[in-house]
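Remember, predicted model here, so these are calculated numbers, not experimental data. In what follows, chains are A, B, ... by sequence order, proteins preceding strands, each numbered from 1.
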Amino acid sequence: MLQTNFIKENTALVIERLTKRNLDATPIVENIIKLDDDRKKTQQELDNLLAESNRLAKQIGDLFKEGKAAEANTLKLQTAELKEKSTTLKEQQNSINEELTQLLYQLPNIPNQLVPNGKTDADNKLIFENKKQVSLAENNKLPHWELAKNYDLIDFELGVKITGAGFPVYKGKGAKLQRALINFFLNEAEKNGYQEIIPPLMVNEASGYGTGQLPDKEGQMYYVTEDDLYLIPTAEVPITNIYRDVILKEEDFPIKNVGYTPCFRREAGSYGKDVRGLNRLHQFDKVEIVQIQHPEKSYETLEAMVEQIKQLLNQLNLPYRIVRLCGGDLGFTSAMTYDFEVYSAAQEKWLEVSSVSNFEAFQANRLKCRYKDKNGKTNLVHTLNGSALALPRIMAAILENNQTENGINVPEVLVPFTGFNLIN
RNA sequence: GGAGAAAUGGCAGAGCGGUCGAAUGCGGCAGUCUUGAAAACUGUUGUACCGCAAGGUACCGGGGGUUCGAAUCCCUCUUUCUCCGCCA
């Protein structure tokens with residue numbers, strides 16, 4: 001969430017930037033400012049009352065020690081009134097804080113000035129497009145779900161039997177190809193200086209709040225009521241929450257972690273051809289890169305992450321494009337996001353395979369992740385993350401784009417991991 | 001899952017209900033000494049909020065309670081350790 005002080009000092013900017021999200025934040029912002037003023041006022045009063053009580057308590061103690069019980073008891077009477085007042089004030093303070101927090105939770109991150117205005121993904125700005133698009137021969141235009149079936153790589157019906165729709169079963173060469181991709185992605189991240197993490201796949205409520213899935217997006221996550229835990233929708237959640245309530249040193253930057261995990265998403269309300277095959281799943285594999293950076297360096301880091309992901313797609317030899325999300329399409333917690341989309345030649349459409357974001361201090365504020373600067377002052381860090389990469393749609397594109405009369409060619413960089421170069 | 005013990009500052013570890021934001025040791029930082037380093041010595045060393053400042057307030061695992069006053073007493077939750085049971 002945004003910092004109250006930042007909102008107060010940059011009110012016009014906050015409101016103006018949020019119009020990029022087609023949001024008029026004026027009423028919320030004004031309310032926040034008013035509540036914060038109230039909060040300060042009540043706190044001052046409360047602090048004075050408590051200071052007075054503390055003084056009296058000390059006096060009473062001294063009097064008792066000197067054996068002046070009568071005087072002490074007189075003073076005791078005074079404290080009753082103070083206590084009553086401070087209890088009321090404390091309650092007031094709590095409800096103000098509660099209301100303030102609720103409002104702050106409602107406010108999304110302010111978009112970077114580069115974020116284009118717009119409402120839907122049609123307004124996203126094309127940043128890069130790899131021109132060489134695959135055009136398949138007429139008789140070689142099978143969608144990946146048919147290829148998966150023909151070569152017995154992925155069994156969707158079996159997943160339905162075992163669990164339900166959206167939980168595919170990978171088999172044989174399908175499973176090996178999947179594992180090859182995971183290893184390839186992890187190795188590449190390691191080459192780029194990331195530390196590998198294997199995090200828990202379930203997180204508690206505090207972690208959900210830390211990265212911004214909660215409140216509001218609980219509908220997207222699977223929830224285990226018995227133990228009050230959420231299945232992670234992305235490795236971002238556990239990996240970023242490593243740094244919740246942590247104070248870093250300036251020389252710790254940059255912190256670079258990578259994690260492969262399955263991801264679980266309820267995807268309530270999705271239907272039709274969007275969910276066909278591997279296009280949208282309830283459980284899918286993803287390799288996620290997460291960085292914690294000095295605020296001054298976060299945008300240069302974002303660009304580096306984009307470059308890193310480009311290299312992955314180049315090596316896999318897949319046609320792709322990069323868009324900068326417009327305000328209307330931008331995630332709640334993000335200040336700027338690039339989406340990567342691969343071209344799926346048989347479906348003839350672009351599939352999102354990565355989302356790379358700079359959250360600036362938005363998550364850090366919730367996480368209370370800070371660093372001490374040279375002057376010993378603590379400031380919020382910036383957090384970033386990106387998929388590098390999400391597996392199913394990469395798998396779909398590989399299957400579709402590389403299909404031939406004789407079978408499906410495995411991208412060269414994966415062959416060392418698969419041990420085969422053709423699926424037939 | 002059952003029984004018991006515990007949770008204090010970066011770490012270790014004291015702490016009769018008032019003088020405790022908290023002894024002491026280690027570590028960190030600054031300085032003295034030294035050609036330099038080590039050792040020794042001296043000082044300093046948590047977070048947040050309010051305040052121009054002086055200063056004030058809150059925090060001893062979380063929440064609640066008793067009391068004029070709680071790190072200290074009570075309740076509750078969480079976590080850790082030991083023993084038993086179960087188990088990959």
Side-chain angles (χ1 to χ4, degrees), chain A residues 1-9 32-104 198-210 214 223-230 238 241-253 255 262 361 363-381:
Chain A
M1 61 193 164
L2 298 174
Q3 299 171 86
T4 314
N5 282 340
F6 182 85
I7 296 173
K8 291 179 103 165
E9 284 158 25
I32 286 173
I33 294 173
K34 185 190 153 293
L35 278 171
D36 191 56
D37 290 339
D38 287 352
R39 181 185 63 81
K40 285 188 188 178
K41 236 177 282 165
T42 16
Q43 199 195 325
Q44 243 165 35
E45 263 179 77
L46 182 61
D47 281 359
N48 289 337
L49 278 177
L50 290 176
E52 178 68 15
S53 309
N54 285 345
R55 236 191 43 237
L56 280 177
K58 209 161 278 184
Q59 255 179 51
I60 290 171
D62 291 342
L63 286 173
F64 272 126
K65 238 174 281 172
E66 293 164 22
K68 300 175 182 166
E71 280 179 58
N73 283 318
T74 319
L75 277 186
K76 266 200 200 182
L77 296 175
Q78 282 185 42
T79 61
E81 194 193 345
L82 276 179
K83 189 165 188 184
E84 199 182 316
K85 272 197 209 161
S86 62
T87 308
T88 320
L89 225 47
K90 185 78 199 143
E91 279 163 10
Q92 254 182 56
Q93 180 79 320
N94 285 342
S95 76
I96 289 173
N97 280 335
E98 175 66 17
E99 208 181 326
L100 189 56
T101 312
Q102 287 310 317
L103 285 175
L104 285 168
I198 300 181
L201 304 182
M202 291 193 224
V203 294
N204 56 28
E205 196 179 46
S207 293
Y209 275 94
L214 296 176
Y223 178 53
V224 183
T225 49
E226 186 76 12
D227 300 285
D228 222 11
L229 296 171
Y230 296 87
N241 269 284
I242 293 173
Y243 303 95
R244 173 150 49 83
D245 293 321
V246 166
I247 297 180
L248 299 162
K249 297 191 210 75
E250 222 161 337
E251 57 264 33
D252 292 334
F253 295 127
I255 290 176
Q363 287 183 332
N365 192 27
R366 289 200 185 180
L367 292 161
K368 290 211 214 54
C369 178
R370 293 159 294 174
Y371 71 96
K372 247 195 218 317
D373 65 22
K374 293 179 198 77
N375 306 318
K377 200 170 165 297
T378 53
N379 306 297
L380 294 174
V381 302

Note to self: Is A:Thr4 close enough to B:C49 that one of its side-chain N or O atoms is under 4.0 Å from OP1 or OP2 there?
What the structure shows: no
The side-chain hydrogen bond (donor to acceptor under 3.5 Å, both in side chains) partners of A:Gln93 (sequence neighbours excluded) come to A:Thr42
Within residues 75-82 of chain A, those residues having any heavy atom closer than 4.0 Å to RNA chain B are A:Lys76, A:Thr79
Taking only the C1' atom of each, what is the distance from B:A6 to B:C60 in whole angstrom? 14 Å
Rounded distance in Å between the P positions of B:G10 and B:G28
16 Å
Checklist entry - Using atom P of each nucleotide, how far apart are B:A12 and B:G61 to the nearest Å? => result 14 Å
Sequence neighbours excluded, the answer for side-chain hydrogen bond (donor to acceptor under 3.5 Å, both in side chains) partners of A:Asp38 is A:Lys34
Please tabulate the protein-to-nucleotide N/O contacts below 3.5 Å involving nucleotides 18-21 of chain B, giving atom names and distances.
from, atom 1, to, atom 2, distance (Å)
B:G18, N2, A:Ala57, O, 2.7

For B:G4, the nucleotide meeting Watson-Crick or G-U wobble distances (both under 3.5 Å) is B:C81
* Asked: Passes side chain to side chain contact (heavy atoms under 4.5 Å, CB included), A:Thr79 versus A:Ser53? Steps please.
  -> CA-CA 7 Å; A:Thr79 61; A:Ser53 309; over 6 Å; no
Re B:U67: Watson-Crick or G-U wobble partner, both distances kept under 3.5 Å, found to be none
For atom C1', what is the distance between B:U19 and B:G13, given to the nearest Å? 22 Å
Of A:Gln44 and A:Asn94, the one whose closest nucleotide on RNA chain B sits nearer the 5' end is A:Gln44
Checking N1-N3 plus N6-O4 or O6-N4 for Watson-Crick, or N1-O2 and O6-N3 for wobble, each under 3.5 Å, the partner of B:U44 is B:G28
Nucleotide by nucleotide, nucleotides 55-60 of chain B touches protein heavy atoms under 4.0 Å in the pattern (B base, S sugar-phosphate only, - none) -BSS--
From CG of A:Asp245 across to P of B:G46 the rounded distance in Å is 19 Å
When rounded to whole Å, the CG to P distance for the pair A:Leu380 and B:U47 reads 14 Å
- Task: Using modelled atom types only, decide if a donor and an acceptor are shared between the side chain of A:Arg366 and the backbone of A:Tyr209 within a distance under 3.5 Å.
- Result: yes
Query raised in the report: Taking the P atom of each, how far is B:C59 from B:G21, in whole Å?
Result: 10 Å
For A:Asp37, the side chain to side chain contact (heavy atoms under 4.5 Å, CB included) test, sequence neighbours excluded, returns A:Lys8, A:Ile33
Inset, instruction - Please measure how far the P atom in B:U72 lies from the corresponding atom in B:G15, and state the result in whole Å. - result: 14 Å
A:Asp36 CG to B:A48 C1', in whole Å, measures 14 Å
Applying the 3.5 Å cut-off to both distances, the Watson-Crick or G-U partner of B:C86 turns out to be none
Using Watson-Crick geometry (N1-N3 plus N6-O4 or O6-N4) or G-U wobble (N1-O2, O6-N3), each under 3.5 Å, B:A39 is paired with none
> Reckon A:Lys41 touches a base, only the sugar-phosphate, or nothing at all at heavy-atom distances under 4.0 Å?
Replying inline: nothing
Here the distance between atom P of B:C68 and atom CG of A:Leu49, to the nearest Å, is 17 Å
Residue set satisfying side-chain hydrogen bond (donor to acceptor under 3.5 Å, both in side chains) with A:Arg244, at least two apart, ordered chain then number -> A:Ser207, A:Asn241
The ring pair (Phe, Tyr, Trp, His ring centres under 6.0 Å) partners of A:Phe253 (sequence neighbours excluded) come to A:His294, A:Tyr371
Under 4.0 Å between a side-chain N/O of A:Lys372 and OP1 or OP2 of B:U47, yes or no? yes
note: A:Asn97, atom CG; B:C50, atom P; distance rounded to Å ~ 11 Å
Residue set satisfying side chain to side chain contact (heavy atoms under 4.5 Å, CB included) with A:Asp227, at least two apart, ordered chain then number -> A:Val224, A:Leu229
side-chain hydrogen bond (donor to acceptor under 3.5 Å, both in side chains) filter on A:Gln44, not counting sequence neighbours, yields none
message: Suppose you measure atom P in B:A71 against the same atom in B:C84; what distance do you get, rounded to whole Å?
response: 38 Å
A:Gln3 CD to B:C49 P, in whole Å, measures 9 Å
Scanning all shown strands, the Watson-Crick or wobble mate of B:A22 with both distances under 3.5 Å is none
Taken to the nearest whole Å, CD/A:Glu251 to C1'/B:G28 is 12 Å
Review point. Does the side chain of A:Asp228 come under 3.5 Å of the side chain of A:Asn204 through a donor N or O and an acceptor N or O?
Key: no
Sorted by chain and residue number, the side chain to side chain contact (heavy atoms under 4.5 Å, CB included) partners of A:Thr87 (sequence neighbours excluded) come out as A:Lys83, A:Glu91
When rounded to whole Å, the CG to P distance for the pair A:Leu248 and B:U47 reads 14 Å
Contacts of A:Gln78 meeting side chain to side chain contact (heavy atoms under 4.5 Å, CB included) (sequence neighbours excluded), chain-then-number -> A:Leu56, A:Leu75
For A:Lys85 and A:Leu49, the nearest pair of non-hydrogen atoms, with its separation, is CB-CD1, 3.8 Å
Correct closest heavy-atom pair for A:Asn379 and A:Asp373 would be ND2-OD2, 3.1 Å
Scanning all shown strands, the Watson-Crick or wobble mate of B:G17 with both distances under 3.5 Å is none
Is there a side-chain contact between A:Lys83 and the phosphate of B:G69, meaning an N or O under 4.0 Å from OP1 or OP2?
yes
Quiz item: Using atom P of each nucleotide, how far apart are B:U24 and B:U44 to the nearest Å?
Solution: 11 Å
By the Watson-Crick or G-U definition, both distances under 3.5 Å, B:G9 is matched with none
Which part of the nucleic acid does A:Ser53 contact within heavy-atom distance under 4.0 Å: base, sugar-phosphate only, or nothing? nothing
